[in-house]
Amino acid sequence: MKKALITGITGQDGSYLAELLLEKGYEVHGIVRRSSSMNRGRIDHLQSYEEGEGKRLFLHYGDLADSVALVKLLYNVQPDEIYNLAAQSHVRVSFDIPEYTVDAVGTGAVRILEAIREAGLGKHVRYYQASSSEMFGKVQEVPQTERTPLYPRSPYSCAKVMAHYLTINYRESYGLFACSGILFNHESPRRGETFVTRKITRAVARIKAGLQDKLYLGNLDARRDWGYAKEYVEAMWLMLQQDEPDDYVVATNETHSIRDFLEASFNSVDLDWKEFVEFDKRFLRPAEVDLLIGDYTKAKTKLGWEPRTRMKGLAELMVQADVDLLKKERA
């Protein structure tokens, strides 16, 4: 039975990845930060895997800020695969807390890569680093590929660039099987409520139910390449099943504006978004990323992966999930 360790297991991507690996028969270990309140809603449905003789899901208290704890955990668990998904992942918030963001995202990657070496796993373990399309920032070519020059435009994306190149450096310097997935925007009903897509779909459900009057947003002209997170974690797993480590863009090769996402979301419940959306400058970034669109040719050719869900279908899926969730809450 293969063992996998996931940092950020309680997040959107971590929860879908844990599901996938458990379905494939893995023993899954996840790192969770100690908190006075429980933050495991995205993995509550996996509780059956934490119980009984056939237990295959194990959660460990830890943090990427604690290098000693990471070494101990890796030494005790001896994972075959490590997926580093933990981060302060909100781009706008990274301008407000840049030092913490860089420590969690950039230095956190150093700590776990070093922990792999200290625990003596360098020749055994396979490592996945969650890189980001935000690294392309002020894009230097359209569409973006694995060879496109990076031009980060936020503390978050700068930290991701650091982690990305560290992964390449450890692969080349120490022979680690280390891969980076350059994932473009990927959303789902499990997306955090402060991210623009989920903020929109949650508001649509509430407006339709008469519980909310307006939705306040910033820049509606930004264009993104949106895919479905549940499909994107499949690409993560496939990267670690190859004969050689490499880096891959994971995207849909389509770009849509926030206006487009608004229209698809509101149209799904027969509403006109223009009647409910208002501008609020508080949600503007100090430096904007105007356009992202990824070319996933390499992932398709080498991994056999390609997206199945496009922006319109994703928006409809998320709105329906938020409508259903609101009905449960009201009941």
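Throughout, numbering of the chain's residues begins at 1 and tracks the sequence.
Sorted by first and then second residue, the side chain to side chain donor-acceptor pair (under 3.5 Å) pairs with a member in residues 65-77 form an empty list; sequence neighbours excluded.
Criterion: ILVMFWY side-chain heavy atoms under 4.5 Å apart, direct or through other members. Under it, F136 and V91 are not part of a common hydrophobic cluster.
Using a cut-off of 4.0 Å between Lys/Arg side-chain N and Asp/Glu carboxylate O, K298 and E146 are scored as not salt-bridged. The existence of a salt bridge linking K312 and E316 is confirmed by a sub-4.0 Å separation between a basic side-chain nitrogen and an acidic carboxylate oxygen. For R285 and E288, the salt-bridge test passes: some basic side-chain N is under 4.0 Å from an acidic carboxylate O. A salt bridge does not link D80 to R126: none of the charged side-chain nitrogens sits closer than 4.0 Å to a carboxylate oxygen. Salt-bridge formation is detected for the pair R310/E254: a Lys NZ or Arg NE/NH1/NH2 atom is positioned less than 4.0 Å from an Asp or Glu carboxylate oxygen. Electrostatic pairing of R40 and E50 does not count as a salt bridge here, judged by no charged N lying under 4.0 Å from a carboxylate O. Electrostatic pairing of D247 and R171 counts as a salt bridge here, judged by a charged N lying under 4.0 Å from a carboxylate O. A salt bridge between R198 and D322 is present, with a side-chain N of the basic residue lying under 4.0 Å from a carboxylate O of the acidic one. With respect to E19 and R190, a salt bridge is recorded, a charged nitrogen being found less than 4.0 Å from a carboxylate O.
Residue S132 holds its OG atom at 7.5 Å from CG of N185, rounded to the nearest 0.5 Å.
A distance of 6.0 Å or more separates the ring centres of W237 and Y128.
A perpendicular orientation is assigned to the rings of Y228 and Y16, their planes being inclined by more than 60° (bins at 30° and 60°).
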